S.K.: 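Structure in structure tokens, see below.
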Amino acid sequence: MAILKIVTLSDPILRVKCTPVAHIDKKMIKVAEDMVETMYAAPGVGLAANQVGLNFQLAVVDATRDPEKYGKNPIILFNPKILELSGKKTNEEGCLSIPGLFEEVTRAAKVKATYTDQNGKEQIVETDGLLAQALQHEIDHLNGKLYIDHLSSIKRNLIKKKFKKYRTHEAE
Ligand code: ZN
């Protein structure tokens with residue numbers, strides 16, 4: 001397996017609506033496995049394909065609070081779609097493409113979603129908690145949307161500004 005490079009905020013691929021995956025072949029599964037590896041190495045709760053520069057509908061998540069301690073439980077999702085959203089919950093959220101910054105985001109508390117797994121089987125997941133938050137975050141990514149889009153324009157601009165500053169310092 002390989003660790004992939006994660007693109008950041010300024011990369012236009014994060015704003016692309018990703019293409020559905022028609023065939024889940026060996027090559028696709030290898031990419032998914034590399035994404036899982038990259039997610040754990042970051043470390044993060046989820047990763048979407050466009051975050052590693054690939055514009056197709058593939059995301060990986062593991063909402064286990066501490067995978068090193070409690071065991072890894074990665075979910076590979078091809079062509080995931082939200083079926084139902086209900087309730088509201090505000091949680092702190094971050095993104096591997098906007099490293100080091102966090103904001104409170106209000107999303108649905110419960111999610112019902114469908115996806116195709118690595119065996120080509122249709123799956124339905126109904127969940128709440130961190131997994132519900134992660135699924136909404138990753139499916140947003142595949143639609144070219146970032147968590148900062150859920151914030152007020154003042155907060156969003158502040159994040160962009162902070163991110164720019166962070167990048168400049170990193171380059172020094
Ligand atoms: Zn993200």
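Heads up: numbering here begins at 1 and tracks the sequence. All figures in this text were calculated on a predicted structure; none of them were measured in a lab.
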S.K.: Hey, does V31 have a side-chain heavy atom less than 4.5 Å from the side chain of F56?
M.R.: yes
S.K.: Is there a side-chain contact between K110 and E126 in this structure, where contact means two heavy atoms from C-beta onward sitting under 4.5 Å apart?
M.R.: no
S.K.: Grab the two heavy atoms, one from C95 and one from Q51, that are nearest each other, plus how far apart they are.
M.R.: SG-NE2, 3.6 Å
S.K.: Is there a donor-acceptor pair under 3.5 Å between the side chain of N119 and the backbone N or O of K121?
M.R.: no
S.K.: Supply the atom-to-atom distance K72 NZ to M39 CE, rounded to the nearest 0.5 angstrom.
M.R.: 8.5 Å
S.K.: Does Q57 use its side chain to pair, donor to acceptor, with the backbone of C18 at less than 3.5 Å?
M.R.: yes
S.K.: Does L77 belong to the same Ile/Leu/Val/Met/Phe/Trp/Tyr cluster as I24, with side-chain heavy atoms less than 4.5 Å apart forming each link?
M.R.: no
S.K.: Testing the basics here: between F78 and Q118, what is the closest heavy-atom pair and its distance to 0.1 Å?
M.R.: CE1-CA, 4.0 Å
S.K.: Using side-chain heavy atoms (C-beta onward) and a distance below 4.5 Å, is I82 in contact with K112?
M.R.: no
S.K.: Between D25 (side chain) and M28 (backbone), is there a donor-acceptor pair under 3.5 Å?
M.R.: yes
S.K.: Hey, does V125 have a side-chain heavy atom less than 4.5 Å from the side chain of L135?
M.R.: yes
S.K.: Out of curiosity, N157 CG to K162 NZ, how far, rounded to the nearest 0.5 Å?
M.R.: 12.5 Å
S.K.: Does NZ in K89 sit with more than 12 non-hydrogen atoms of other residues, nucleotides or ligands closer than 6.0 Å?
M.R.: no
S.K.: Taking the side chain from D149 and the backbone from K145, do they hold a donor-acceptor pair closer than 3.5 Å?
M.R.: no
S.K.: Which heavy atom of A109 sits nearest a heavy atom of A132, and at what distance?
M.R.: O-CB, 3.6 Å
S.K.: Contact between I3 and D34 at the side-chain level, heavy atoms closer than 4.5 Å - yes or no?
M.R.: no
S.K.: Looking at G120, is its backbone amide N or carbonyl O close enough to the side chain of D117 to form a donor-acceptor pair, meaning the two atoms are under 3.5 Å apart?
M.R.: yes
S.K.: So E93 and E104, side-chain contact (heavy atoms from CB on, under 4.5 Å) or not? Walk me through it.
M.R.: CA-CA 6 Å; E93 205 160 311; E104 300 255 291; over 6 Å; no
S.K.: Enter the distance from T38:OG1 to L4:CG here, rounded to the nearest 0.5 Å.
M.R.: 3.5 Å
S.K.: Is it the case that K81 places NZ or CZ above or below the six-membered ring of Y115, under 6.0 angstrom from the centre and within 45 degrees of the axis?
M.R.: no
S.K.: My understanding is that only one of L9, I148, L158 makes a side chain to side chain contact (heavy atoms under 4.5 Å, CB included) with F163; could you say which?
M.R.: L9
S.K.: Report the C-alpha distance between T114 and E122 in whole Å, list the side-chain angles of each, state the deciding distance to 0.1 Å, and finish with yes or no for side chain to side chain donor-acceptor pair (under 3.5 Å).
M.R.: CA-CA 7 Å; T114 179; E122 278 306 301; 3.3 Å; yes
S.K.: What's the spacing between I124 CD1 and E84 CD if we round to 0.5 Å?
M.R.: 9.5 Å
S.K.: Give me the atom names and distance for the closest heavy-atom approach of L96 to G46.
M.R.: CD1-O, 3.8 Å
S.K.: Side-chain contact, heavy-atom cut-off 4.5 Å: V52 with L47?
M.R.: yes
S.K.: To the nearest 0.5 angstrom, please state how far the CE atom of M35 sits from the OH atom of Y40.
M.R.: 12.5 Å
S.K.: Using modelled atom types and a 3.5 Å cut-off, is there a donor and acceptor pairing between side-chain atoms of D62 and backbone atoms of N73?
M.R.: yes
S.K.: Does the side chain of E33 reach to within under 4.5 Å of the side chain of P74, using non-hydrogen atoms?
M.R.: no
S.K.: Using the rule that two of Ile, Leu, Val, Met, Phe, Trp, Tyr join whenever any of their side-chain heavy atoms come within less than 4.5 Å, decide whether V21 and I29 are in one cluster.
M.R.: yes
S.K.: Would a distance-only check, ignoring hydrogens and angles, find a side-chain to backbone donor-acceptor pair under 3.5 Å from Q136 to V111?
M.R.: no
S.K.: Go through the side-chain N and O atoms of T90 and T106 and say whether any donor and acceptor fall under 3.5 Å apart.
M.R.: yes
S.K.: Grouping I, L, V, M, F, W and Y whenever their side-chain heavy atoms are under 4.5 Å apart, do V105 and I159 come out in a common cluster?
M.R.: yes
S.K.: Do L85 and I139 share a hydrophobic cluster, counting only Ile, Leu, Val, Met, Phe, Trp and Tyr and linking them when any side-chain heavy atoms are less than 4.5 Å apart?
M.R.: yes
S.K.: Is the backbone of N50 close enough, under 3.5 Å, to the side chain of N55 for a donor and an acceptor to pair up by distance?
M.R.: no
S.K.: In Å and rounded to the nearest 0.5 Å, what is the CG to CD distance from L58 to E138?
M.R.: 10.5 Å
S.K.: Within the side chain of Q133, is there an N or O that forms a donor-acceptor pair under 3.5 Å with the backbone of E92?
M.R.: yes
S.K.: Where do L54 and I13 come nearest, in terms of heavy atoms and distance?
M.R.: N-CD1, 3.9 Å
S.K.: Keeping D11 on the side-chain end and T8 on the backbone end, is there a donor-acceptor pair under 3.5 Å?
M.R.: no
S.K.: By the definition side chain to side chain contact (heavy atoms under 4.5 Å, CB included), identify the one residue from I75, V36, V45 that meets it with V60.
M.R.: V36
